[in-house]
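Read through the structure below, which is laid out as structure tokens, and then see the notes.
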Amino acid sequence: MIYFTADTHFNHINIIKFCDRPYELIDEMNEALIENWNSVVGKDDEIYHLGDFGWGDNVDNLDILRRLNGTKYLVKGNHDWKLLKDKAIRSEFEWIKDYNELELDDNFFVMCHYPFRTWNRDHYGAINLFGHSHGNTDPIGNQLDVGVDLHEYRPISINEVVERFDEK
């Protein structure tokens with residue numbers, strides 16, 4: 001199975017306040033996000049993280065990365081620059097990019113940390129998956145914010161994404 005997520009902001013105390021997350025402490029948030037991730041993503045699954053993985057101490061972020069299920073791909077976010085200075089952290093991702101496209105069956109996905117106004121093959125039904133805005137950007141056409149703040153603090157499956165657009 002393939003999953004998508006964004007904006008986990010592990011170890012970022014201020015994200016609790018900024019996004020009104022239902023946690024009081026960093027450890028509480030981190031553990032809930034890890035548990036939620038692993039409750040849906042299996043060890044053999046693939047997961048595309050669309051940026052802003054973690055904040056602060058890279059030792060803590062590396063420990064979290066190693067506890068998360070799945071083969072992980074990172075589409076970089078604006079807060080990932082410090083994280084990516086660490087070679088051990090970079091090695092936990094299958095690849096790290098600024099942008100990615102994925103074609104699977106009859107679906108075409110365009111992934112970036114940021115939402116686009118237009119994107120490759122949008123007029124053919126391509127789906128733009130993004131993060132960054134924590135639910136503060138209204139989608140245009142076939143767009144979906146895959147950030148944890150909008151999806152019960154867990155990744156969403158490719159099937160969930162496709163079902164949302166099949167309903168339209």
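Numbering of residues begins at 1 and proceeds along the displayed sequence.
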Worksheet item: Is it true that Ile96 and Leu129 fall in one hydrophobic cluster, defined by side-chain heavy atoms closer than 4.5 Å?
Response: yes
Worksheet item: Should Phe130 and Leu144 be marked as a side-chain contact (heavy atoms from CB on, under 4.5 Å) after you check the CA-CA gap, both sets of side-chain angles, and the distance that decides it?
Response: CA-CA 6 Å; Phe130 65 93; Leu144 182 63; 5.6 Å; no
Practice prompt. Taking His49 for its side chain and Leu74 for its backbone only, find out whether a donor-acceptor pair lies under 3.5 Å.
Written response: no
Fill in: Check: Asn36 side chain, Tyr153 main-chain N or O, donor-acceptor pair, under 3.5 Å
yes
Worksheet item: Is there a donor-acceptor pair under 3.5 Å between the side chain of Trp37 and the backbone N or O of Pro155?
Response: no
Worksheet item: Are Leu50 and Thr5 side-chain neighbours, meaning at least one heavy-atom pair lies under 4.5 Å?
Response: no
Discussion item. Any heavy-atom pair between the side chains of Phe116 and Val110 that's under 4.5 Å?
Written reply: yes
Item to complete: Hey, could you give me the CD1/CD1 distance between Ile26 and Ile13, rounded to the nearest 0.5 Å?
Response: 4.0 Å
Response to the item:
Heavy-atom closest pair (His134 atom, Cys19 atom, distance to 0.1 Å) is ND1-SG, 3.3 Å
Fill in: For Glu31, all residues meeting salt bridge (Lys or Arg N to Asp or Glu O under 4.0 Å), sequence neighbours excluded
Arg67
Worksheet item: Where the side chain of Asp7 meets the backbone of Val148, is there a donor-acceptor pair that is under 3.5 Å apart?
Response: no
Worksheet item: Short question: side chain of Gln143, backbone of Ile140 - any donor-acceptor pair under 3.5 Å?
Response: yes
Worksheet item: Can you tell me how far CG of Asp86 sits from CG of Leu62, rounded to the nearest 0.5 angstrom?
Response: 6.5 Å
Discussion item. Could you walk me through whether Thr137 and Asp145 satisfy the side-chain contact (heavy atoms from CB on, under 4.5 Å) test, starting with their C-alpha distance in whole Å, then the side-chain angles of each, then the deciding distance to 0.1 Å, before giving a yes or no?
Written reply: CA-CA 8 Å; Thr137 297; Asp145 184 339; 5.9 Å; no
Worksheet item: For Met111, does its backbone N or O pair with a side-chain atom of Asn128 as donor and acceptor, under 3.5 Å?
Response: no
Item to complete: Report the C-alpha separation of Asp52 and Asn78 in whole Å, then their side-chain angles, then the decisive distance to 0.1 Å, and conclude whether the side-chain contact (heavy atoms from CB on, under 4.5 Å) test is met.
Response: CA-CA 7 Å; Asp52 290 358; Asn78 55 302; 3.3 Å; yes
Practice prompt. Any side chain to side chain donor-acceptor pair (under 3.5 Å) involving residues 17-29? Give me the pairs, sequence neighbours left out, ordered by first then second residue.
Written response: Arg21-Asp149
Worksheet item: What distance do His9 atom NE2 and Met29 atom CE have between them, rounded to the nearest 0.5 Å?
Response: 9.0 Å
Discussion item. Donor-acceptor check, side chain of Asp45 to backbone of Gly70, threshold 3.5 angstrom: yes or no?
Written reply: no
Worksheet, complete the sentence: On a heavy-atom basis, the closest approach of Gly131 and Ala6 is CA-CB, 3.8 Å
Worksheet, complete the sentence: With sequence neighbours left out, the residues meeting salt bridge (Lys or Arg N to Asp or Glu O under 4.0 Å) with Glu46 are none
Response to the item:
Between the NE2 atom in His132 and the OH atom in Tyr114, the distance rounded to the nearest 0.5 Å is 5.5 Å
Worksheet item: Just how far is it from atom CZ of Phe10 to atom CG of Asn30, taken to the nearest 0.5 Å?
Response: 6.0 Å
Worksheet item: Short question: side chain of Asn69, backbone of Val41 - any donor-acceptor pair under 3.5 Å?
Response: yes
Item to complete: Kindly write out the residues that satisfy side-chain contact (heavy atoms from CB on, under 4.5 Å) with Ser157, not counting sequence neighbours, or none if the list is empty.
Response: Met1, Tyr3, Asn159, Glu160
Item to complete: Look only at the side chain of Asp80 and the backbone of Phe53, and say whether a donor-acceptor pair between them is shorter than 3.5 Å.
Response: yes
Practice prompt. Using the rule that two of Ile, Leu, Val, Met, Phe, Trp, Tyr join whenever any of their side-chain heavy atoms come within less than 4.5 Å, decide whether Leu68 and Tyr73 are in one cluster.
Written response: yes
Practice prompt. Heavy atoms only: give me the nearest Glu92-Leu65 pair and the separation to one decimal.
Written response: CB-CD1, 3.9 Å
Worksheet item: Would you say Asn136's side chain and Ser133's backbone share a donor-acceptor pair under 3.5 angstrom?
Response: yes
Practice prompt. Give a yes or no on whether Leu33 and Val146 share a hydrophobic cluster (residues Ile, Leu, Val, Met, Phe, Trp, Tyr; joining criterion: side-chain heavy atoms under 4.5 Å apart).
Written response: yes
Worksheet item: If you look only at pairs with a residue in residues 98-110, which of them pass as a side chain to side chain donor-acceptor pair (under 3.5 Å), with sequence neighbours excluded?
Response: Lys76-Asp98, Lys97-Asn100, Tyr99-Glu101, Glu101-Asn120, Glu103-Arg121
Worksheet entry | Atom CG of Asn14 with >12 non-hydrogen neighbours under 6.0 angstrom | yes
Worksheet item: Looking at residues at least two apart in the chain, or sitting in another chain, which of them share a ring-ring contact (aromatic ring centres under 6.0 Å, His included) with Phe4?
Response: Tyr48, Phe109
Worksheet item: Can you hop from Ile156 to Leu104 via hydrophobic side chains spaced under 4.5 Å?
Response: yes
Fill in: Single-linkage hydrophobic cluster Phe165~Leu102, side-chain heavy atoms < 4.5 angstrom
yes
Fill in: Derivation of the side-chain contact (heavy atoms from CB on, under 4.5 Å) call for Thr8 and Ile15
CA-CA 9 Å; Thr8 46; Ile15 204 69; over 6 Å; no
Worksheet item: Could you walk me through whether Asp57 and Asn11 pass the side-chain hydrogen bond (donor to acceptor under 3.5 Å, both in side chains) check?
Response: CA-CA 8 Å; Asp57 190 302; Asn11 296 309; over 6 Å; no
